[in-house]
**Q** 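Dropping the structure in here first, questions after.
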Amino acid sequence: MPECDPKKRANRALDALNFFLADVRDGLGPYLAVYLLTEQKWDEARIGVVMSVATIAGLVAQTPAGALIDAISAKRAIMAGAAIVVTAASLVLPFVPGFWPVAASQGIAHAAGVVFAPAIAAISLGVVGHRAFTGRTGRNETFNHAGNFVSAVIAGGMAFLFGPVVVFFLLAVQSLASLASIWAIPERAIDHDLARGLHDAGNRDAEREQPSGLGILLTCRPLLVFALCVLLFHLSNAAMLPLVGQKLALQDRNLGTSLMSACIAAAQLVMVPVAMLVGARADRWGHKQFFLAALAILPIRGALYTLSDNAAWLVGVQLLDGIGAGIFGAIYPVIVADLMRNTGRFNLAQGVIITALGIGAALSTALAGLVVVKAGYSAAFLTLGAIAAIGFIVFLLGFPGKPGDLPASSRQPLQRSRIAAE
């Protein structure tokens, strides 16, 4: 077989994996809030606590998961096992709808699901290398959002006909397709040293074959600033969609899941071209500028939600989520890969960043639920938007944006992060 065939097959399999894994990687996601509100009659505060407990379970597992992805070559097997666990934990919900069983099952699902993001990024880097990684990441997110869009449309239509429980069956079907896509990636197409960011092509001397010490995670100031801003981004963003879903469900409980699907589909449809844009232009226009744009969208979105309770308006404003979340999903692995180039700690650093993401998301749902109960939905949206505005200022002032701002680590004397030149 030609030498390039495994790489080509790996890229096609990654396309399929990101498409089918779109719903599986998040479990029930925002549908959980609608299901608990409309079918199980839970109040918003209780829903927020359960979602936060589940998110905390995931973030506790996130950094160890990143270290595990760095350390082993069985990345495909880890993803396959995680897909099975996430699906099983979600499918038991209709049979054990009590508070603690729901919290436990979703905690298990979130803890297992944390391996997907670093594993996909690692395999992508191991297949295409640093030079093509931005484009490959944009392509991953393009297929991920396309999969989410298709799933949301199908879930909305089927929920309208058969009720909210249909999302459980859709998750099971997608899990099977994801498993097939995982095993379609040829093992020999993956360079596992490159997958952990250990070397670049043409830069594989003996010294650089050794990973940097773990202390690099604490001494790389741009990584710490980025982690803080990721936390603030998700502290602002994570609760917005569930809050919108709850508002829509309260207007018409029979259409709650279908309207939530419309919100998801609207955002995912926008995310597809946004992810393509990031993949095609981020290296040229600047990684910092893209993440600033993602942060700037959130205060605008939060303010617009307060202007009307009309279902069409709420779904329309949700299109802005497609810009912010679409940028974030495509740009954060690229920023981390640049910061950790030649350190061998790419996936561990990803785990740190996604842990920050999880902390923000966990606090977001709990905070939003409490604010809604005490002051109403509009106050919650404005509070979330103000948090993103703080993140924008911190990233603008604290993250390097011109040559010389980003100090090279002792493990990176020849390769400064591309961010340093943006």
**Q** Ignoring hydrogens and angles, tell me if any N or O in the side chain of N347 forms a donor-acceptor pair with the backbone of A195 under 3.5 Å.
**A**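 Checking the backbone N and O of A195 against the side chain of N347, a donor-acceptor pair under 3.5 Å is found.
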**Q** Mind checking what makes salt bridge (Lys or Arg N to Asp or Glu O under 4.0 Å) contact with D70, not counting sequence neighbours?
**A**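 Expected list: none.
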**Q** Where the side chain of S90 meets the backbone of V86, is there a donor-acceptor pair that is under 3.5 Å apart?
**A**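 Yes, S90 side chain to V86 backbone: donor-acceptor pair under 3.5 Å.
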**Q** Considering the options I327, I335, V334, which one meets the side-chain contact (heavy atoms from CB on, under 4.5 Å) requirement together with F290?
**A**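 Single pass found, and it is I327.
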**Q** Test of understanding: with side-chain contact (heavy atoms from CB on, under 4.5 Å), list the residues that count as partners of I300, not counting sequence neighbours.
**A**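 For I300, the residues satisfying side-chain contact (heavy atoms from CB on, under 4.5 Å) (neighbours in sequence not counted) are L304, L320.
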**Q** Nearest heavy-atom pair of I387 and L232: which atoms, and what distance?
**A**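 Taking I387 first and L232 second, the nearest heavy atoms are CG2-O, 3.6 Å.
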**Q** Can you tell me how far CG of L217 sits from OG1 of T343, rounded to the nearest 0.5 angstrom?
**A**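 Answer for the OG1-CG pair, T343 versus L217, is 8.0 Å.
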**Q** Could you tell me whether R12 and D15 have a side-chain N and a carboxylate O separated by less than 4.0 Å?
**A**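 No, R12 and D15 are not salt-bridged.
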**Q** With distance as the sole test, does K7 use its side chain to make a donor-acceptor pair with the main-chain N or O of V128 at under 3.5 Å?
**A**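 Absent.
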**Q** Side chains of L93 and Q106: closer than 4.5 Å at any heavy-atom pair?
**A**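 The answer is yes, as the side chains (C-beta and beyond) meet within the 4.5 Å cut-off.
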**Q** Taking it one step at a time, do M271 and D321 satisfy side-chain contact (heavy atoms from CB on, under 4.5 Å)?
**A** CA-CA 8 Å; M271 289 179 194; D321 184 35; 3.9 Å; yes
**Q** Please report the interatomic distance CG(L194) to CD1(I123), rounded to the nearest 0.5 Å.
**A**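 Going from the CG atom of L194 to the CD1 atom of I123 covers 12.5 Å.
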**Q** Report yes or no: does K288 contribute a side-chain atom to a donor-acceptor pair with the main-chain N or O of L396 at less than 3.5 Å?
**A**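 Looks like yes, one N/O pair under 3.5 Å.
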**Q** Are F226 and Y332 side-chain neighbours, meaning at least one heavy-atom pair lies under 4.5 Å?
**A**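 They are in contact (side-chain heavy atoms under 4.5 Å apart), so the answer is yes.
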**Q** Between R9 (side chain only) and P186 (backbone N and O only), is there a donor and an acceptor less than 3.5 Å apart?
**A**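 Checked: no pair found.
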**Q** Take Y305 and F381 through the ring pair (Phe, Tyr, Trp, His ring centres under 6.0 Å) test and state the conclusion after the steps.
**A** CA-CA 7 Å; Y305 279 137; F381 284 124; 4.7 Å; yes
**Q** If you measure from CG on L223 to CG on L339, what distance do you get to the nearest 0.5 Å?
**A**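 Separation between the atoms: 6.0 Å.
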**Q** With a 4.5 Å cut-off on side-chain heavy atoms, are Y377 and L243 touching?
**A**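 Answer yes - side chains close enough.
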**Q** Short question: side chain of Q62, backbone of V114 - any donor-acceptor pair under 3.5 Å?
**A**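 Judged by distance alone, yes, a pair lies under 3.5 Å.
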**Q** Which atoms form the tightest heavy-atom contact between P118 and I354, and what is the distance?
**A**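 Looking at all heavy atoms of both residues, the closest pair is CD-CD1, 3.9 Å.
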**Q** Please report the closest heavy-atom contact between S124 and R136, naming both atoms and the distance.
**A**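 The pair with the smallest heavy-atom distance is CB-CG, 3.7 Å.
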**Q** Quick check against the 3.5 Å criterion: does S364 have a side-chain atom that pairs as donor or acceptor with the backbone of L235?
**A**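 Looks like yes, one N/O pair under 3.5 Å.
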**Q** Measuring from L231:CG to L363:CG, what's the distance to the nearest 0.5 Å?
**A**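 It comes to 7.0 Å.
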**Q** I need the minimum non-hydrogen distance between A379 and T383, along with the two atoms involved.
**A**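 That closest heavy-atom pairing would be O-OG1, 2.8 Å.
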**Q** May I have the step-by-step check of side-chain hydrogen bond (donor to acceptor under 3.5 Å, both in side chains) for T306 and S378, ending in yes or no?
**A** CA-CA 5 Å; T306 68; S378 292; 5.1 Å; no
**Q** For L17 and M79, run side-chain contact (heavy atoms from CB on, under 4.5 Å): C-alpha distance rounded to whole Å, both residues' side-chain angles, the deciding distance at 0.1 Å, then the answer.
**A** CA-CA 10 Å; L17 175 60; M79 282 200 294; 3.8 Å; yes
**Q** Of all heavy-atom pairs between P101 and V96, which one has the smallest distance, and what is that distance?
**A**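 Closest approach of P101 to V96: CB-O, 3.5 Å.
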**Q** Might you point out which heavy atoms bring L14 and N18 nearest each other, and give the distance in Å?
**A**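 What the structure gives for the nearest pair is O-ND2, 2.8 Å.
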**Q** Are any side-chain N or O atoms of R196 and backbone N or O atoms of G344, one a donor and one an acceptor, separated by less than 3.5 Å?
**A**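 Yes, because the side chain of R196 sits within donor-acceptor range (under 3.5 Å) of the backbone of G344.
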**Q** Would you check, one step at a time, whether the test side-chain contact (heavy atoms from CB on, under 4.5 Å) holds for R301 with Q318?
**A** CA-CA 8 Å; R301 181 176 158 214; Q318 183 61 19; 3.3 Å; yes
**Q** Show your reasoning for whether side-chain contact (heavy atoms from CB on, under 4.5 Å) applies to I69 and F346.
**A** CA-CA 10 Å; I69 297 298; F346 169 51; over 6 Å; no
**Q** Return yes if some donor-acceptor pair links the side-chain N/O of T134 with the main-chain N/O of D283 below 3.5 Å, else return no.
**A**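 Checked: no pair found.
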**Q** Measure up the F291 and F328 rings against each other and bin them: parallel (under 30°), tilted (30 to 60°), perpendicular (over 60°).
**A**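 Aromatic pair F291/F328 classed tilted.
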**Q** Could you check if a side-chain atom of W285 sits within less than 4.5 angstrom of a side-chain atom of L277, using non-hydrogen atoms only?
**A**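 Yes, at least one pair of side-chain atoms sits under 4.5 Å.
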**Q** Please round to the nearest 0.5 Å and tell me the distance separating atom CG of L170 and atom CD of Q174.
**A**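 Separation between the atoms: 4.5 Å.
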**Q** Could you check whether any side-chain heavy atom of L298 comes within less than 4.5 Å of a side-chain heavy atom of F392, counting everything from C-beta outward?
**A**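 They are not in side-chain contact.
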**Q** Indicate yes or no for a side-chain donor-acceptor contact from N144 to the backbone of N140 under 3.5 Å, with no hydrogens or angles considered.
**A**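 No, N144 side chain to N140 backbone: no donor-acceptor pair under 3.5 Å.
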**Q** Find the distance between CD1 (I331) and CG (D338) and round it off to the nearest 0.5 Å.
**A**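 Reported value, rounded in 0.5 Å steps: 9.0 Å.
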